[in-house]
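In each ligand, atom 1 is the first atom listed, and ligand 1 is the first ligand listed.
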Amino acid sequence: MKYISTRDYRGDSGMISSAQAVKRGLAADGGLYLPCEIPKLADSELARLGKMSYADRAAYIMSLFFDDYDRDALLSDCRAVYSVERFAPAKNRMSTDVAPVYKLDENTYALELWHGPTSAFKDMALQIMPRLLTRALQMTGEARTAHILVATSGDTGKAALEGFANVRGTKITVFYPADGVSRMQRLQMTTTLGGNVSVVAVRGNFDDVQSGVKRIFGDSTLSDRADENGFFFTGANSVNWGRLAPQVVYYVSAYLDLASAGEISFGDKINVCVPTGNFGDILAAYIAREMGVPISRLICASNSNRVLADFLETGVYDKNREFHKTISPSMDILVSSNLERLLSMCGGSELTARLMDELNRNGRYTAPDSVMTKLRAVFSGYYATETETRDSIRTVFEKYGYLTDPHTAVGMSCAEKYRLETGDDTPLLLVSTASPYKFAPAVCDALDISAPDTTDLRALLDRLSAYTNTEIPSPLIAPLSLPVRFSEVTDPARMSEFIFRA
Ligand SMILES: *Cc1c(COP(=O)(O)O)cnc(C)c1O
């Protein structure tokens with residue numbers, strides 16, 4: 001399987017192996033890597049996967065995309081990572097394994113992706129990605145250290161730190177928006193352990209941080225200097241194919257679990273609703289659909305930063321708008337990088353290169369009607385306001401006794417709007433992206449419960465736990481008592497100063 005940049009319509013950068021795509025992250029022309037074709041899963045293969053564990057499903061599906069990797073190595077990596085030690089088994093779920101499905105009602109299911117080491121869905125990919133990368137370094141004969149630069153809207157940062165901590169041949173620097181993450185997210189990152197890790201707060205929003213990191217990647221003076229120092233820069237954001245492919249797995253897996261539990265018949269269509277920011281998670285769902293998983297519609301759920309909902313409605317992508325800080329901070333994004341992959345898949349690389357150039361110059365572009373028709377045949381865009389998000393947390397808890405975090409609540413609110421508007425009662429899989437305990441102040445507020453002292457995070461967690469009769473995930477307890485190791489704050493223009501320190 002060869003990979004090519006989303007913008008490479010002249011064949012300039014050529015086709016590369018999956019190991020090289022994982023090693024590079026971003027293509028030299030600024031594009032993102034895509035496999036030249038999407039492998040198909042035959043019904044008989046799906047049936048066979050249905051009997052396997054999550055780890056074995058993951059190894060099988062990933063080996064289709066990483067066919068230059070040794071199959072046994074992939075399998076042992078997947079079994080090591082997608083294990084009960086790292087993904088705590090959940091009670092009262094349809095399946096207990098790694099990415100369990102929780103039944104809300106006769107045709108609504110939540111796919112819980114937050115049972116990993118940092119309690120957000122980013123673990124699903126960032127636990128395996130360091131292994132994909134270190135193998136890629138070996139396979140390409142790379143002697144230099146890979147310096148992973150991460151821009152995070154909150155959850156990627158900690159998941160990447162946890163994945164890469166003390167991994168040989170790598171070091172990692174995480175940049176996060178100083179005022180753009182939840183208190184728990186900040187604590188998780190600033191107390192993180194490991195000898196090869198660094199965390200820096202940046203004054204600005206996620207888009208400022210993401211463009212800062214993209215600027216570093218594009219600066220040849222910096223990459224030359226890195227080379228002289230024996231390392232090179234690469235990324236762990238969802239622009240890296242090594243992040244995307246592992247995310248395809250849980251959509252296949254959830255479908256198989258629904259079928260195995262008899263909730264659907266094999267071959268029945270389902271709809272999938274994904275709380276969306278950088279468009280990585282929902283793109284993985286699209287790829288699962290392209291592989292042949294019977295998915296009908298994809299509901300793209302945004303918060304009040306509704307750039308994607310507007311794009312799907314009007315065909316105009318316009319980031320020139322007010323940036324809203326919301327209670328679902330991991331979706332506070334105006335430049336959804338992975339949309340580029342969808343544009344390339346549906347409109348080709350020449351169009352993608354042109355539109356991305358327009359986006360860089362003017363902050364907006366208009367997609368042709370022919371492409372929008374294709375997108376709208378699969379995607380429906382909705383958004384939830386802050387009030388609707390809070391209402392959703394409360395009503396879902398009242399109705400089902402089920403606690404959702406604000407991101408998942410955005411998804412639920414959008415899924416309900418979709419159903420109301422279309423009358424479509426196809427079974428719906430709602431992707432649940434984070435533990436509610438990562439956002440306890442907002443969740444307590446939505447439920448109208450308060451702790452005596454709202455500055456005491458532990459007290460809030462305890463109050464939430466007592467009120468909802470749910471458990472605080474253990475990975476969220478440790479950061480409360482660990483010392484803060486990283487407290488530096490910088491400006492977007494000065495981020496590069498932090499990447500050449502020992
Ligand atoms: C990252 C994140 C999202 C958005 O996912 P994308 O792949 O960026 O679209 C949604 N919810 C949570 C909790 C996240 O951490």
Side-chain angles (χ1 to χ4, degrees), residues 32 110-126 129 150-160 162 174 176-177 180-182 184-186 188-189 206-207 209-210 235-241 243-248 250-251 272-288 298-303 305-309 311 326-342 379 381 383-384 389 392-393 404-414 430-440 442-443 473 476:
L32 280 57
L111 169 59
E112 294 180 346
L113 301 177
W114 40 264
H115 293 287
T118 76
S119 306
F121 91 84
K122 306 299 197 289
D123 289 327
M124 301 302 300
L126 280 162
M129 196 204 155
V150 178
T152 182
S153 56
D155 290 326
T156 295
K158 177 61 175 177
E162 208 49 43
V174 169
Y176 71 92
V181 300
S182 81
M184 178 59 86
Q185 288 176 318
R186 182 197 320 270
Q188 282 183 293
M189 289 189 281
F206 172 72
D207 291 310
V209 182
Q210 179 162 253
N237 281 90
S238 52
V239 296
N240 191 312
W241 182 253
R243 268 284 298 279
L244 246 297
Q247 292 183 217
V248 175
Y250 47 75
Y251 292 105
V272 179
C273 175
V274 189
T276 300
N278 225 358
F279 210 76
D281 206 3
I282 196 166
L283 187 85
Y286 179 72
I287 290 174
L298 294 173
I299 300 155
C300 174
S302 303
N303 64 23
N305 294 295
R306 46 188 262 204
V307 66
L308 288 166
F311 170 65
T326 72
I327 56 171
S328 47
S330 300
M331 294 159 66
D332 290 348
I333 291 177
L334 295 179
V335 182
S336 298
S337 302
N338 273 291
L339 184 60
E340 175 167 354
R341 283 193 167 108
L342 183 67
F379 291 87
Y383 72 96
T389 307
S392 179
I393 293 174
T404 52
D405 91 286
H407 304 77
T408 309
V410 167
M412 192 63 179
S413 172
C414 291
L430 168 67
V431 178
S432 177
T433 50
S435 160
Y437 287 92
K438 284 195 98 161
F439 307 93
V443 172
L476 299 181

Plane angle bin for Phe279 and Phe379 - parallel if under 30°, tilted between 30 and 60°, otherwise perpendicular: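 Tilted.
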Salt bridge (charged side-chain N to carboxylate O under 4.0 Å, His left out) partners of Arg186, counting only residues at least two apart: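 Once residues adjacent in sequence are excluded, Arg186 has no partner under the salt bridge (charged side-chain N to carboxylate O under 4.0 Å, His left out) criterion.
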All salt bridge (charged side-chain N to carboxylate O under 4.0 Å, His left out) counterparts of Asp281, not counting sequence neighbours: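 Salt bridge (charged side-chain N to carboxylate O under 4.0 Å, His left out) check on Asp281 returns nothing, list empty.
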With Ala285 via side-chain contact (heavy atoms from CB on, under 4.5 Å) - residues at least two apart: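 Expected list: Tyr251, Leu298.
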Donor-acceptor pair, side chain of Asn278 and main chain of Gly280, under 3.5 angstrom: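 No.
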Protein residues that have a heavy atom under 4.0 Å from any atom of ligand 1, sorted by chain and number: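 The 4.0 Å shell around ligand 1 contains Phe121, Lys122, Asp155, Pro275, Thr276, Gly277, Asn278, Phe279, Gly280, Asp281, Ser330, Met331, His407, Thr433, Ala434.
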Side chain to side chain contact (heavy atoms under 4.5 Å, CB included) between Val209 and Thr152, intermediate numbers included: CA-CA 8 Å; Val209 182; Thr152 182; over 6 Å; no
